[in-house]
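Worksheet: the structure to be examined is printed underneath.
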Amino acid sequence: MVNKMAKMTLIQAINNALHLEMEKDEKVVVMGEDVGHEGGVFRATVGLQEKFGKERVIDTPLAESGIIGTAIGMAVSGLKPVPEIQFSGFLYYCFNQLVSHAARIRMRTRGRYSVPMVVRSPYGAGIRALEHHSESTEALFVHMAGLKVVIPSGPYNAKGLLLSAIRDPDPVMFLEPMRLYRSVKEDVPEEDYAIPLGQAKVEREGSDLALISWGSMMKETREAADEAKEKDVSVEVIDLQTLWPFDEKTVIKSIEKTGRAIVVHESPRTCSIGSELAARAMDHNFLNLKAPVTRVTGFDIPVPLARYEDFNMPDVFRIMKAIDKVMSF
Amino acid sequence: MPRKKIYEGSVEYLQILDEKGNVDKELEPQLSNEDLDKMYRFMITTRTFDRKVLSLQRQGRAFTYAPVEGKEASQTGTAYALKKTDRVFPSYRDHGVYLTRGLSLKQMFLMWMGTEEGGRMPEDSGDFPFAIPIASQIPHAVGAAWAAKIQKQDKVCAVYFGDGATSEGDFHEGINFAGVNKAPVVLVCQNNKYAISVPRALQTAAETIAQKALAYGFEGIQVDGNDVLAVYSAMKSAVEKARKGEGPTLIECLTYRFGPHTTSDDPSKYRSKEEEEEWRKKDPVVRFQLYLRSKGIWNEEYEKKVNEEAKQKVEKALEEAESSIKIDPTDIFKYVYAEMPEPLREEMEYLKRIGEEKKEAHGEQNG
Ligand SMILES: Cc1ncc(C[n+]2csc(CCOP(=O)(O)OP(=O)(O)O)c2C)c(N)n1
């Protein structure tokens, strides 16, 4: 059977996945600020309330801790809530509910209760937004055991990963690269398909260097790989997709093959996923490393305002500099 | 036997100047002509500034912006009742508050131009830069008021927020602290019926926002937020009460934003043209004009002059703001700590190096 394809943006792919899963599973409930009548400030939930009604697509009061807290209550009572937090900078309001409860309920009830919930939130800089609208906080959630963390990098994997996330029995933080919401269209199958959580994707094979990234930075990562190719550097490009539990095997295998690795991310450098991957490479690849594992990242500062945001974000130039350095080590 | 009524509370509504310009003589505040003139100028300058930033935003010279038109009375009316030494903790739509407090238009422009310099409040002001995370400034204002009380300073704090903000935990925690500690703070809620698209009825099942104060043990009042006289009067008594050590007040101003939530919002998705037109008829500026006319202050010529002066001030400030912007990439590291930690210094040096290498590479390409 040939899949019917449609050209979709990342935001359309998210919307499409929500439509499909709400249709299929009446336990799925979407909730958040402006998600119902308005269809979300980014239009991710557009059309859902018309189709599934106000009981399942809920305009909540403006209270993030309340949204996540009540979603947890729903999740332990037979529903599968998919709350939206309007911008990642407002995830801090629900940190307590996420960490003290969502992340621990399975463990503290010995599996009697669990929290099948997907928290969707746009993340990242690059659209000249106001203060607190451009945070990249994936590492915080990776650090807090009990949560899964997933970040798509394009329309195709956004849909497949979101469907898997909603079907997952545990709480998933699903962070969407705001900058890529509408910037590209891809062929996306109209029907149901799932991309398993916990698997990285080797987007391109290469022999000299593993370039590892996810989400918003995949754009720059791919462009840098193209540029490196012109300089005869063969880059293996890996999209991590699930940040926790991450696909250590794929990363280690790639570093084993290439002997070199660079991790690119927008979030701050210290105690980051890049730090963790570098440490794992030390654990597993110490003897076959040809150069230090290198990170190209945002700085250890609060996300700067619009006119300064580009200075904080890795770009192709910075990645190329790192590639040069690693290749000539 | 023990089932009996143990609590009864009530909330007052205040309007002094109605849409037709009728004034309740008994409630009319005693404001001099000079005060009235000043207040009107603040309102007009706020509107002029607002329209200017909107047009800049459309030209890409300002970033996402939250327009204020329609709320001039709520903002100037409250801020005008404060002393210079008092303090305000605004949110992102309170341009009229800043202006009335004496913040320069240049600084106000900078706040919307994507540079941290926008937050550098003048040394002689205790006012705070606006908070974007909803309701988060409420506990700060309460804490600042509490600090004034502890340090026996004559300072009242005023905090500004919307109807949506009253759903957040920070609102409830903040106002509870205010009640318990009798903090000299005035809580100003501008209820403009929507939090982005979400109508007030979905925020709270309570009939008014003002009544929430009762549950925390202090007084709440609802005022016609487009009636600058009512707003001023309510604020004045709340501020006096706070100054006397009699604790906080919650003031709910019923108002409307004429424009979109921000420049990225399309209000036609959630509110009707009819409703918008209904509220246009309640324009706080027009209503104040009626009053000023009856006082012999306002006429066509005065109107022209005030608008002309506002425009000139706004244009001049814009020029000053735009020409003052100097982008130095290393700025992003400079104010994180009092003393820059070594790891940050290294990152800063790296960014400098990258900048130079980029310039070089660019030169090579051109050469
Ligand atoms: C904690 C938090 N959540 C969400 C947002 C996004 N947001 C910005 S303004 C707004 C609505 C605010 O409504 P209200 O408090 O009534 O104030 P108004 O903008 O109407 O003046 C929302 C949801 C935010 N800034 N902060």
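In what follows, chains are A, B, ... by sequence order, proteins preceding strands, each numbered from 1.
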Qualifying residue for side chain to side chain contact (heavy atoms under 4.5 Å, CB included) with A/Phe42, from A/Glu84, A/Arg182, A/Glu176, A/Gln86: A/Arg182
Below 4.5 Å, heavy-atom pairs only: which of A/Val41, A/Asp59, A/Asp300 has the largest tally toward chain B?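 Highest number of heavy-atom pairs under 4.5 Å: A/Asp300.
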Could you tell me which of A/Arg318, A/Glu131, A/His37 has the largest number of non-hydrogen atom pairs under 4.5 Å with chain B?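 Top count of heavy-atom pairs under 4.5 Å with chain B: A/Arg318.
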Between A/His133 and A/Tyr123, is the ring centroid distance below 6.0 Å? no
Part of [X] within contact of chain A (heavy atom distance under 4.5 Å):
| X | answer |
| --- | --- |
| B/Ser264 | neither |
| B/Asp328 | backbone |
| B/Tyr350 | side chain |
| B/Met348 | neither |
| B/Ala66 | neither |

[X] versus chain B, the contacting section by heavy-atom distance below 4.5 Å:
| X | answer |
| --- | --- |
| A/Tyr92 | neither |
| A/Glu309 | neither |
| A/Phe90 | side chain |

Give the ring-plane orientation class for B/Phe89 versus B/Phe128, where under 30° counts as parallel, over 60° as perpendicular and anything between as tilted.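 B/Phe89 and B/Phe128: parallel rings.
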SB check B/Glu356 B/Arg353 (cutoff 4.0 Å):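 Answer for the salt bridge query: no.
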Regarding B/Arg257 and B/Glu69, does a basic nitrogen lie under 4.0 Å from an acidic carboxylate oxygen?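 Not counted as a salt bridge, because no side-chain N and carboxylate O are separated by less than 4.0 Å.
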State, to 0.1 Å, how close A/Lys219 and A/Arg179 come at their nearest heavy-atom pair, and which atoms those are. CD-NH1, 4.4 Å
Whether the B/Ser74 and B/Gln190 side chains hold a donor-acceptor pair (N or O, under 3.5 Å, no angle test) is what I'd like checked.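 The criterion, which ignores hydrogens and geometry beyond distance, is not satisfied for B/Gln190 and B/Ser74.
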Does the side chain of B/Val159 reach to within under 4.5 Å of the side chain of B/Val88, using non-hydrogen atoms? no
With chain A, which of [options] has the greatest number of heavy-atom pairs at distances under 4.5 Å?
| options | answer |
| --- | --- |
| B/Ile325, B/Asp266, B/Asp163 | B/Ile325 |
| B/Val336, B/Leu344, B/Ile132 | B/Ile132 |
| B/Ala195, B/Gly169, B/Pro133 | B/Pro133 |

Would you please test A/Arg128 and A/Asp310 for salt bridge (charged side-chain N to carboxylate O under 4.0 Å, His left out) and show each step? CA-CA 9 Å; A/Arg128 309 284 184 258; A/Asp310 290 345; 2.8 Å; yes
